[in-house]
Amino acid sequence: MKTDQQIQEDVMEELRWEPSLNAAQIGVAVHNGIVTLNGIVQFYSEKLTAENAAKRVKGVKALADNIEVNLSDGKPSDTQIAENVIKALEWNVSIPEEKIKVKVDKGWVTLEGEVDKLYQKQAASNAIKFLPGIKGISNWINVETLVETGSVKENIRKALERRADLEADNIIIDTIGSKVILKGSARSWNERQEIERAAASAPGVTEVDDQLSIIY
């Protein structure tokens, strides 16, 4: 089992490995396998890249991302950012862009509206997170419940069992109305995110509470 110092060194090395990051701008602290990232970056995409890099490191149990985004001079105006967000939503075929409203205030993007499935809400954030000028995203899109929630648990279980790269037996699925609670263990951050995506894709799911632990 890795020590905190070994995890810290591996995370720092993974950050240095990322060509789009200046690792010197990011500090890494580790306590009981929980990694905290600090520092200031120029773009929101750098913040997300650093977060994903840390998640890839074996031994990381949880992550606290305290990195701040400080945009440089010549950043896009809020109007330009809003136009780019709308275009990005239009280009993604999985997003019903006509149901989504966009607001930008000092580089912070707020998404509102209503979609049919949770994965569509998540896809909206993913479609715009690397756009220039964005300092952060608030996703307030509502998800409409289209099916009886009694079938949600069964649908998710079947979806997990169909995927050869997932250990479905380690996952406990609970439901409270249209909210899904995931418990159990995953073998990596990537597997944990794949399980969460599978749950979010089920019709009728409006929220996913991911309580999965990572056991390497």
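Because only heavy atoms are used, hydrogens play no part in the values below, and waters and symmetry mates are left out as well, while side chains stay in.
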query = Which pairs, with at least one residue in residues 133-142 and sequence neighbours excluded, count as a side chain to side chain donor-acceptor pair (under 3.5 Å)?
reply = Trp108-Ser138, Ser125-Asn139

key: Spatial distance of atom CD (Glu90) from atom CD (Glu98) [nearest 0.5 Å]   = 10.0 Å

key: Full working for salt bridge (charged side-chain N to carboxylate O under 4.0 Å, His left out) between Glu154 and Lys158   = CA-CA 6 Å; Glu154 181 181 357; Lys158 290 180 179 178; 3.1 Å; yes

task = Measure the spacing between CD1 of Ile173 and CD1 of Ile181 and express it to the nearest 0.5 Å.
result = 11.5 Å

request  = Output the distance between atom CZ (Arg16) and atom CG (Leu21), rounded to the nearest 0.5 Å.
outcome  = 12.0 Å

request  = Specify the closest pair of heavy atoms between Ser201 and Lys117, including all atoms of both residues, with the distance to one decimal.
outcome  = O-CD, 4.2 Å

query = Is it true that Glu51 and Lys47 make a salt bridge, defined as a side-chain N closer than 4.0 Å to a carboxylate O?
reply = no

request  = Report yes or no: do Ile128 and Val102 belong to one cluster of Ile/Leu/Val/Met/Phe/Trp/Tyr joined by side chain heavy-atom distances under 4.5 Å?
outcome  = yes

inquiry  = When you measure from the side chain of Gln8 to the backbone of Val28, do you find a donor-acceptor pair of N or O atoms at a distance under 3.5 Å?
reply    = yes

Closest approach of Lys129 to Ile137 (non-hydrogen atoms, all atoms of both residues) = CA-CD1, 3.8 Å

request  = May I ask you to check whether over 12 heavy atoms, not counting those of Gln5, lie within 6.0 Å of atom CD?
outcome  = no

inquiry  = Under a 3.5 Å distance rule, please check whether Asp209 uses its side chain to pair with a backbone N or O of Leu182 as donor and acceptor.
reply    = no

task = Without swapping roles, check the side chain of Glu191 against the backbone of Ser188 for a donor-acceptor pair under 3.5 Å.
result = no

pair Thr175-Ile156: side-chain heavy atoms closer than 4.5 Å = no

ask   = Taking atom CD1 of Ile67 and atom CD1 of Ile26, what is their separation to the nearest 0.5 Å?
value = 4.0 Å

key: Spatial distance of atom CD1 (Ile195) from atom CZ (Arg192) [nearest 0.5 Å]   = 9.5 Å

task = Answer yes if the side chains of Glu68 and Asn70 hold a donor-acceptor pair under 3.5 Å, and no otherwise.
result = no

query = Do NZ/NE/NH1/NH2 and the carboxylate oxygens of Asp10 and Lys58 come within less than 4.0 Å?
reply = no

request  = Without swapping roles, check the side chain of Asp65 against the backbone of Thr36 for a donor-acceptor pair under 3.5 Å.
outcome  = no

query = Between the side chain of Lys121 and the main-chain N/O of Ile141, is any donor-acceptor distance below 3.5 Å?
reply = yes

note = Taken to the nearest 0.5 Å, the spacing of Glu83 CD from Leu131 CG works out to 12.5 Å

ask   = With sequence neighbours left out, what residues match Arg157 under side-chain hydrogen bond (donor to acceptor under 3.5 Å, both in side chains)?
value = none

Electrostatic pair Arg197:Glu194 at N-O distance under 4.0 angstrom = yes

